[in-house]
There are 2 protein chains.
Amino acid sequence: MPKGILGTNESMLPLPRRPIVVRRLHGAEPCASCDARPNSVCSAIDDRDLERLAAVAVVSKAEPGRAFINEGERATSFFNVTAGTARLFKLLPDGRRQITGFAGAGHFLGLAVSDTYAFSAEAIGLVFYCRFARPRLREVLDDFPALERRLLGVASNELVAAQEQMLLLGRKTAKERVASFLLARSVETPPCTGPVQRLSLPMTRSDIADYLGLTIETVSRTLTRLKMDRVIGIPNISDILIHDQHALEALAGCGG
Amino acid sequence: MPKGILGTNESMLPLPRRPIVVRRLHGAEPCASCDARPNSVCSAIDDRDLERLAAVAVVSKAEPGRAFINEGERATSFFNVTAGTARLFKLLPDGRRQITGFAGAGHFLGLAVSDTYAFSAEAIGLVFYCRFARPRLREVLDDFPALERRLLGVASNELVAAQEQMLLLGRKTAKERVASFLLARSVETPPCTGPVQRLSLPMTRSDIADYLGLTIETVSRTLTRLKMDRVIGIPNISDILIHDQHALEALAGCGG
DNA sequence: CGAGCAATTGAGACAAGTCAAAGCTGGTGG
DNA sequence: CCACCAGCTTTGACTTGTCTCAATTGCTCG
């Protein structure tokens, strides 16, 4: 079990400076041309009503390593990631970290009744996102029930994923956790299907460890073992080749 | 880490017979007189519209140990627990079990976009609940946006709780897990506030273990140690006295 | 080319798991 | 009313998967 002081030796950037607001345009432009819209809740809104949504969206970006949501702070906004990947996490007072998920393009963040954020979000690499002031989005939701319905769907799916992750954290072995993680990434990476699938892992080993409830060393050793067993290939630090999908599924124990 | 074949030695009842339908009344009666309504999503509907909801609710009960939701089965209904407590869990193929939560009076179950249930629900003791056929509830939701909004709130809260549980499962020690569990139960048990709070634990040690990602033995040993340290008292198997709330909070590391 | 950081590898420690044996407790029947 | 059974819980002795600590290797970028 996690014993030591830190569950992470993640770089702590000195200044969590406020992220930069990139632009705030009029018209439907930012939403109409958004690459992430098809995968996001925003697709619940028709093209012709898009101006309404765009009017309350503030397009922003966060530099690598920068936090744009801080656990415990007053929750004034919702977010929608449009490009890049963010790590979502909670900390214990002594610095142990649990990553609860990774948010990619289309991911909606900030759902909570509470008036403070329940987790932090930090950019891995460069992250672009839309920010919606809560009261403004509330108004839009009143006008577009389809959007609210869509949010309920998103929340339900996240809940299912969270339960799957609880199973992983509470009952799976290190090998099963790593296998499950790779599989889950693999189903989220449909493009470029060939004989062997290539995964790119934008996050560090430390991120993976804190997501799977393990240490960096155990993640590294487990990946090495999977490589030795010819189940995966590791051409470089941030890429994984899945040589034997079936073996991986058998190791994962079950879904996800 | 969990190693052996079983994460549980829970009694497996031989026949998961269908639970008994108790009654299906006309008028607003079952909902209007429902003890669980104040704590449940149903309170989003006005007294005068209650007939509408009551018309689609089927009041049922499940005997102790009986399952009324089975992971993987076609999800045809939503549920609302009105009395008793149910354990919600997921299983691995070899029988290891992770309890993802306990559902008490007012708890809404079955939120999922997927067409199969993501978890099982089993009665601990006698459980009463309302069952709503999905399409019927869908119609009610269309008529009462407040109910749908309420559901989004419920889902958001569950998501926050799930993230807290991931932190517990991924990064906390056995002592911290047990302390967190007792504290969480204590905040959900506001009545009868005295110098020492009395918790009743309707679930078995095996349930607690499978909820906290531990074994029965570790749960038992940890409770004993807390008793030795005068932090809690254990008058009998299903009751806990909290002698030192502050010590418990310090041990829990943080919230929940 | 070398500083700096992330990842890997090795050796040893320990928290929690496994296996096994009592101890309780509640229900049943003689 | 008590003996006995069955199941849950507690306790003890030992094992082990994962963590900790400590190098070493490998990348990236100036």
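Order of the sequence lines sets the chain letters (A, B, ...), proteins ahead of strands, with each chain counted from 1.
- Rounded to whole Å, atom P of D:dC8 lies 14 Å from atom CD1 of B:I208.
- Taking 4.5 Å as the limit, every side-chain heavy atom of B:L182 sits out of range of all side-chain heavy atoms of B:R185.
- Computed from coordinates, the B:D207 CG to D:dG7 C1' distance equals 14 Å when rounded to whole Å.
- With hydrogens and angles left out, the side-chain atoms of B:S180 and B:K172 include a donor and acceptor closer than 3.5 Å.
- Looking only at atom types and distance, the side chain of A:S60 has no donor-acceptor partner in the side chain of A:R131 under 3.5 Å away.
- Among the candidates B:F128, B:F78, B:Y129, the single residue satisfying the ring pair (Phe, Tyr, Trp, His ring centres under 6.0 Å) test with B:F68 is B:Y129.
- Aromatic ring pairs are classed by plane angle as parallel below 30°, tilted from 30° to 60° and perpendicular above 60°; the pair A:Y117 and A:F79 is tilted.
- If you measure from atom CG of A:L214 to atom P of C:dA15, you get 18 Å, rounded to the nearest angstrom.
- A side-chain donor-acceptor contact under 3.5 Å links A:S186 and A:Q197.
- Counting to the nearest Å, the P atom of D:dG17 and the CZ atom of A:R177 are 14 Å from each other.
- One finds no salt bridge joining A:R66 and A:E122 here, because no Lys/Arg side-chain nitrogen approaches an Asp/Glu carboxylate oxygen to under 4.0 Å.
- Two end axes, each from the C1' atoms of five base pairs, can be drawn for the helix from C:dC1-D:dG30 to C:dG30-D:dC1; they diverge by 30°, to 10 degrees.
- We find that CG of A:L212 is positioned 19 Å from P of D:dG17, with the value rounded to whole Å.
- Taking atom CG of residue B:D210 and atom P of nucleotide C:dA16, one finds them 16 Å apart after rounding to whole Å.
- Per the geometry, CG belonging to B:D239 stands 19 Å off P belonging to C:dC24, to the nearest Å.
- Geometrically, A:R97 engages A:F89 in a cation-pi contact defined by less than 6.0 Å to the ring centre and at most 45° from the axis.
- Distance CG (B:L201) to C1' (D:dC8): 14 Å, rounded to an integer number of Å.
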Tabulated below should be each protein N or O lying under 3.5 Å from an N or O of nucleotides 7-11 of chain C; please produce it.
| from | atom 1 | to | atom 2 | distance (Å) |
| --- | --- | --- | --- | --- |
| C:dA7 | OP1 | A:R205 | N | 3.1 |
| C:dA7 | OP2 | A:R205 | N | 3.4 |
| C:dT8 | OP1 | A:R205 | NH2 | 3.4 |
| C:dT8 | OP2 | A:R205 | NE | 3.0 |
| C:dT8 | OP2 | A:S220 | OG | 2.8 |
| C:dT8 | O5' | A:S220 | OG | 3.0 |
| C:dT9 | OP2 | A:T224 | OG1 | 2.8 |
| C:dG10 | N7 | A:R221 | NH1 | 2.8 |
| C:dG10 | O6 | A:R221 | NH2 | 3.3 |

